[in-house]
Amino acid sequence: MTEEEAISKACADVGIIAPKGRAAGRWLKTDTLSGRNGKGDGRVMINDACVTGFNWQTGETVTVWLQDQKSPVVRRQMREQIAKHGAEQKKRADRAAKIAGALVAVAVQQTHSYLEGKGFPDEKVLVVGADAVAEIAGRYLVPDGGKSAIVVPARVGTDIRNAQLIWECGEKKFLYGGQMEGASHRISTGRDCWHCEGLSTGLSLRAAFQALRANVTILCCFSASNVEAVTRFPSGRPFIATDNDKPLPQYDGMGAGEYFAKRSGVPFLMPPQIGDDFNDLHQREGVFVVQRLICDFLKGIRT
C-alpha cells in the first residue's frame with residue numbers, strides 16, 4: 001500500500017477529507033465530510049510506517065499501516081512502533097474515560113436549547129457549564145460563545161469511555177483520545193434494539209415507538225461506522241435507523257449511513273430524502289410519518 005492509498009483509506013474510514021498538504025510527523029488539519037459544521041475538525045498524521053486519521057466530531061481514529069515490502073529490520077521497527085502506538089493510545093483513552101466520568105459527575109439534569117430546536121423543549125438531559133468543561137476537560141472543547149453543553153456519556157457495557165459534548169449552536173465534540181469504537185448511549189430499553197447515530201434522532205425514534213405503544217431499546221452510536229461496530233453486540237433483535245447522507249465516491253456512491261448499515265448485514269431503515277435524519281423528518285412532517293415508515297419497514301421484515 002502506497003502512502004497516498006493509506007491517506008485515502010484512513011480519511012475515508014473516519015469520514016474526513018484528505019489534507020491538501022503533505023508533511024510527516026505532525027498533525028495536518030483538514031475538514032470532515034459533514035460540511036460547514038465539520039470545518040477544521042479533521043486531523044491526519046503521516047509517518048514512515050503509517051497514516052493516522054482522526055475525526056474530532058465523531059471521536060473516530062484509525063491507523064493504516066504501509067504494507068509494502070520491508071526488510072526484516074524495518075518490519076521489526078514497525079512492530080515496535082505499533083506496540084508503542086497501542087500503549088500510547090490506551091493511555092490517552094484511559095485519561096479521556098476519567099475526564100468523561102468527571103464531566104458526568106458534575107452535570108445537572110435540565111432542559112437545553114439545542115434540544116428545544118430539535119423539537120424536545122421539555123427533555124431533561126445532563127448539562128454542564130462552559131467553565132466546568134474548560135476546567136475539567138480543556139478550553140479546546142468550548143466554542144466561541146458557548147455557555148453550556150449537553151453531556152452524552154459514551155459507554156462500553158456499563159463503563160463510561162468517552163463523552164460527546166453538544167453545544168447550543170449544535171457543535172459537537174468528543175474528548176481527545178477517548179475510545180469510541182463499540183461505545184453507545186442508551187436512550188430507552190425494550191425487546192428489539194434500534195441503532196442510530198445522533199441523540200436527537202434517537203429521541204425522535206423514541207417518540208415514534210412510544211406513540212406506537214412499543215417498547216424498544218434505542219442506542220445512540222454517534223457515527224455511521226460506529227453503528228456497524230455496536231450492532232455486533234445487540235441487546236435484542238437488531239435494526240438500524242440510518243441517516244440518508246449525501247452519496248460519496250469513497251462509500252461506493254452511497255452515503256456513509258447506508259454504506260455502513262449495508263456492511264453490517266443488519267436490516268436498516270432510512271428516510272427517503274437525501275440529507276435527512278429521522279429527526280429532520282419528524283420536525284418537518286410530524287411523528288406520524290416516522291411511525292408509518294417504521295410500520296411499513298417492519299411489515300416488510302415479517303413477510
Side-chain angles (χ1 to χ4, degrees), residues 6 9-16 27 32-34 38 41-45 50-65 82-101 103-104 137 151-166 172-187 193-199 201-202 217-235 238-243 245 250-251 255-266 268:
K9 178 170 173 51
C11 291
D13 284 352
V14 298
I16 63 177
W27 286 110
T32 75
L33 295 174
S34 62
D41 280 346
R43 298 289 188 277
V44 174
M45 172 79 78
C50 65
V51 175
T52 299
F54 173 60
N55 186 326
W56 211 332
Q57 277 193 317
T58 65
E60 294 170 290
T61 184
V62 68
T63 297
V64 178
W65 296 90
I82 290 170
K84 181 180 178 182
H85 175 80
E88 291 172 348
Q89 192 172 42
K90 183 179 185 305
K91 186 176 180 180
R92 289 193 298 267
D94 289 343
R95 180 177 181 273
K98 290 180 180 179
I99 293 172
L103 288 172
V104 170
V151 182
V152 187
R155 287 183 168 87
V156 177
T158 58
D159 295 334
I160 298 175
R161 297 301 300 167
N162 205 335
Q164 182 185 55
L165 299 176
I166 307 177
K172 301 173 184 177
K173 298 287 188 184
F174 286 90
L175 304 180
Y176 174 71
Q179 178 184 347
M180 282 310 303
E181 184 174 1
S184 63
H185 172 66
R186 186 182 298 270
I187 292 175
C193 188
W194 283 75
H195 305 76
C196 66
E197 293 183 42
L199 177 63
T201 296
T217 295
I218 297 174
L219 297 180
C220 166
C221 305
F222 306 107
S223 70
S225 62
N226 196 47
V227 166
E228 180 192 10
V230 176
T231 56
R232 296 173 194 149
F233 307 97
S235 53
F239 299 102
I240 294 173
T242 188
D243 300 352
D245 300 310
Q250 53 265 56
Y251 296 130
E258 183 180 9
Y259 174 80
F260 287 106
K262 282 188 174 179
R263 205 166 76 164
S264 74
V266 172
F268 68 93

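The backbone N or O of Gly257 sits less than 3.5 Å from a side-chain atom of Asp245, completing a donor-acceptor pair. A donor-acceptor pair under 3.5 Å is absent between the side-chain atoms of Asn55 and the main chain of Thr32, judged by distance alone. Using a distance-only test at 3.5 Å, with no hydrogens or angles considered, no donor-acceptor pair links the side chain of His195 to the main chain of Ala241.
Taking OG1 of Thr201 as the start and CG of Asp243 as the end, the distance is 5.0 Å to the nearest 0.5 Å. Atom SG in Cys196 sits 7.0 Å away from atom CD1 in Ile218 (nearest 0.5 Å). Atom CG in Asp41 sits 10.5 Å away from atom CD1 in Ile16 (nearest 0.5 Å). Taken from CD1 in Ile160 to CD in Gln179, the straight-line distance is 13.0 Å, to the nearest 0.5 Å. Here CZ of Arg155 is found 7.5 Å from NE2 of His185. Values are rounded to the nearest 0.5 Å. Atom OH in Tyr251 sits 9.0 Å away from atom CZ in Arg263 (nearest 0.5 Å).
Between Gly182 and Ala229 the shortest heavy-atom distance is N-CB, 4.0 Å. Scanning all heavy atoms of the two residues, the minimum distance from Val230 to Ala183 falls at CG2-O, 3.6 Å. Across Val64 and Lys9, no two heavy atoms sit closer than the pair CG2-CG, 4.0 Å. Residue Ala10 comes nearest to Gly53 through the heavy atom pair CB-N, 4.0 Å, listed as atom of the first residue, atom of the second, then distance. Shown here for Ala96 and Gly177, the closest heavy-atom pair between the two residues is CB-C, 4.2 Å. Listed here is the closest heavy atom pair of Glu197 and Cys220: O-SG, 3.0 Å.
No side-chain heavy atom of Thr63 sits under 4.5 Å from any side-chain heavy atom of Val51. A heavy-atom distance below 4.5 Å is not found between the side chains of Arg43 and Thr52. Contact of the Phe268 side chain with the Thr231 side chain is not registered, since no non-hydrogen atoms from C-beta on lie closer than 4.5 Å. Inter-residue side-chain proximity for Val227 and Ser264 is flagged as unmet; no heavy-atom pair is nearer than 4.5 Å. Inter-residue side-chain proximity for Phe222 and Asn162 is flagged as unmet; no heavy-atom pair is nearer than 4.5 Å.
Ring planes of Phe54 and Tyr176: perpendicular class, angle over 60° (limits at 30 and 60°).
Ionic pairing of Lys90 and Asp94 is present here: one or more N-O contacts between side-chain nitrogen and carboxylate oxygen are shorter than 4.0 angstrom.
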